[in-house]
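In what follows, a single structure is set out as structure tokens and then discussed.
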Amino acid sequence: MSDTVTVSPSSVDLRVQLGRLHLANPILVASGTFGYAREMEHLVDLGRLGGILPKTITMAARPGNPPWRTVEASAGLLNSIGLDNDGLEAFIEHHLPYLAGLPTAIIVSIAGRTVDEFVAMAARLDREAGIAGLELNISCPNVSGGVDFGTDAGLCGQLVRNVLSACRIPVIAKLTPNVTRIADIAIAASEAGADAISLINTVQGMAVDWRKRKPILGNVLGGLSGPAIKPIALRCVHQVRQAVRTPLIGIGGIATIDDVMEFFVAGASAVQIGTANYYDPTVSMKLLDRLPAALSEAGAASVAELTGTLQLPARPSADLPSKPSGT
Amino acid sequence: MTECNPLHAAHYPDQARCTTVPIVENGPLARDTHRVRIQCPEIARTLVPGQFVMMRLAGFNDPLIGRALAVYDTFPDAVSQPAGIDVVYMVKGKFTHRLAECRPGQLLDVWGPLGNGFEAKAVDHLILVAGGIGQTPFVTVAQEALGHRQYGTPPRSNARCGRVTLCYGARSADMLAGVGDFEQLGVDVQLATEDGSRGHRGLVTDVLAGVLRGSHGSRRILCCGPERMMQAVAGVAAQHETPCEVSLESPMACGIGICFSCVVKLDDGQGGWDYRRTCVEGPVFDAAKIRW
């Protein structure tokens with residue numbers, strides 16, 4: 001890429017490749033922020049999306065946490081939904097047929113309580129047609145044991161390896177920012193062979209009603225999302241990019257085309273739109289409208305030409321991970 | 001009418017639009033209560049009574065999340081076509097304080113109409129029960145039930161009711177908003193205030209019990225207000241063996257079924273319960289099915 005090269009918006013190639021996963025464009029919608037997609041069919045042209053991640057499913061149905069489940073923070077949203085879902089078989093019966101018929105990549109988000117449960121879910125989904133990828137939700141802060149696999153590098157690596165050997169579907173590991181060194185977890189996922197790493201899930205937080213002396217969320221603690229966490233997400237993408245070569249999917253407060261471009265430069269090959277879907281239901285379409293011109297302005301003929309082009313100051317930051325991934 | 005989305009309530013109209021639209025008027029209606037008029041013909045044309053909209057200040061990230069607000073009524077343009085909506089809101093939080101300061105021309109992100117709304121049903125006596133700011137969804141209901149207006153695209157049938165009563169409770173007389181609007185439509189308005197400054201001194205449930213004792217023929221109760229008040233109204237309705245539907249104000253983050261915040265415990269019909277989304281399966285529910 002050089003300043004003298006000009007790329008017209010119409011000639012920009014929006015396709016991206018994340019390991020074995022090929023997407024028509026890099027704008028995806030994040031799990032838990034887009035329902036089962038059908039809720040959005042009158043507001044969004046679902047086929048234009050690079051990919052859809054339906055709400056996380058678990059092996060058995062879960063009622064989810066008691067209300068209140070969300071409360072607003074400054075430029076952000078705290079949530080503690082608690083993986084409310086009807087379970088794997090109900091998803092396959094009621095939601096997958098519709099999703100599989102959409103002309104976009106369906107990446108199914110799954111959460112298990114044990115390695116065996118993740119593996120059993122992956123093996124079951126492997127028998128179904130129309131699934132482009134699996135995202136392992138090892139980062140939900142709102143269920144007991146939900147973050148164990150995302151906070152322990154050894155467990156994370158073991159989980160990714162076992163799931164990969166149980167199915168033929170490309171696998172993405174979704175990381176939590178609620179760790180001391182996120183790059184360590186990413187290295188484990190990368191060395192285990194994950195096709196891509198998505199980051200970040202929500203940042204743990206809480207809200208208090210001081211007059212009642214009570215927590216506002218029914219589950220006491222929740223996860224913070226929205227523009228408030230974008231700097232944290234960018235930092236995580238940057239740190240992980242320094243540590244692994246596995247393609248990254250940036251998530252965290254993305255709402256504008258500038259946000260999208262920042263994540264590409266920091267090291268992401270694609271992005272997921274989350275909380276912005278709540279307060280601007282057609283945001284994903286607006287970003288797709290603006291993406292070609294933005295890439296053209298950057299002189300990039302494709303997203304890959306922009307990914308990880310961040311120019312760091314000459315003296316590297318002292319706390320970057322020292323060990324690059326073997327992959 | 002488009003094909004119904006199976007994830008939504010059976011009569012959810014599925015005609016929501018996302019728009020960025022200007023405020024036409026905005027001003028006080030009663031103490032801490034304001035009315036904002038918004039130019040949004042697409043939403044006004046498809047709205048049916050009991051539906052709501054999500055609203056936020058366009059271009060601002062704080063407050064970030066949209067607020068769910070009931071539609072008070074639609075207003076017509078010069079050729080009597082729906083031009084926009086009126087929303088009556090109580091000033092109590094960050095968003096409504098900012099909204100109260102907005103002038104005509106200020107842009108709002110508005111998406112809707114949302115939710116199932118109240119079905120049109122002809123009965124001899126339609127009884128509306130409102131507490132606090134819960135009167136706001138009932139102007140359109142009364143318009144339709146008394147044959148003044150039709151709503152929706154295509155316009156749905158009026159389902160005329162013989163008589164419409166509004167039992168409306170508030171803390172004090174200065175907080176009652178829009179009483180004249182109901183009286184003008186021919187609604188029999190029965191008021192209650194906690195301090196006795198207007199109408200019955202006490203709770204709106206006392207008023208409701210009196211209305212039910214003097215009521216004959218087929219009846220239907222629609223209720224909107226604070227949760228404890230709706231629960232009490234549901235109890236009175238059950239005692240009088242009268243069907244009762246409540247419009248819930250569960251806290252919402254999206255209004256369109258994608259966040260799973262606004263859940264309510266509902267009977268699953270098999271002896272158990274399940275959390276269901278108020279925004280797409282409600283906000284109107286059969287009171288007998290709610291696990292309060």
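It should be emphasised that the depicted structure is a prediction, and the values quoted were computed from it without experimental measurement.
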Exceeds 12 heavy-atom contacts within 6.0 angstrom, atom NZ of Lys94(B): yes
Side-chain ion pair, Lys289(B) and Glu245(B), N-O less than 4.0 Å: no
Contact winner vs chain B - Gly64(A), Ala37(A), Pro66(A), heavy-atom pairs under 4.5 Å: Pro66(A)
Top contributor to chain A interface from Pro251(B), Cys18(B), Ser250(B), Gly257(B) [non-hydrogen pairs under 4.5 Å]: Pro251(B)
Interchain contact, Arg17(B) with chain A, by part (heavy-atom threshold 4.5 Å): backbone
Cation-pi geometry met for Arg277(B) and Phe260(B) (6.0 Å, 45°): yes
Top contributor to chain A interface from Gly66(B), Pro63(B), Gly255(B) [non-hydrogen pairs under 4.5 Å]: Pro63(B)
Option that, when pairs with chain B are counted at under 4.5 Å, heavy atom only, ranks first among Ala255(A), Ala228(A), Pro63(A), Ala276(A): Pro63(A)
Donor on one side chain, acceptor on other, Ser261(B) and Thr70(A), under 3.5 Å: yes
Part of Arg276(B) lying under 4.5 Å from any heavy atom of chain A: neither
Exercise: identify the closest heavy-atom pair between Ala111(A) and Asn137(A): CB-O, 3.9 Å
Closest-packed option against chain B by number of heavy-atom pairs under 4.5 Å, given Thr282(A), Thr33(A), Asp86(A), Val71(A): Thr33(A)
Best-contacting candidate, Pro227(A), Gly226(A), Ala73(A), Ala61(A), against chain B by heavy atom pairs under 4.5 angstrom: Pro227(A)
Chain B contact via Asn277(A) - side chain, backbone, both or neither, heavy atoms under 4.5 Å: both
All pairs passing salt bridge (charged side-chain N to carboxylate O under 4.0 Å, His left out) where residues 33-58 of chain B contributes a residue, at least two apart: Glu25(B)-Arg35(B), Arg35(B)-Asp86(B), Arg37(B)-Asp86(B), Arg56(B)-Asp109(B)
Interchain contact, Val263(B) with chain A, by part (heavy-atom threshold 4.5 Å): both
Portion of Ser80(A) that has a non-hydrogen atom of chain B nearer than 4.5 angstrom: neither
Pairing of Arg171(B) and Glu194(B) as salt bridge, 4.0 angstrom limit: no
Let me check something: any side-chain donor-acceptor pairs from residues 93-104 of chain A under 3.5 Å, sequence neighbours excluded? List them with distances.
from      : atom 1 : to       : atom 2 : distance (Å)
Tyr98(A)  : OH     : Glu41(A) : OE1    : 2.6
Thr104(A) : OG1    : Leu49(A) : O      : 2.6

Side chain, backbone, both or neither of Ser74(A) within contact of chain B (heavy atoms, under 4.5 Å): both
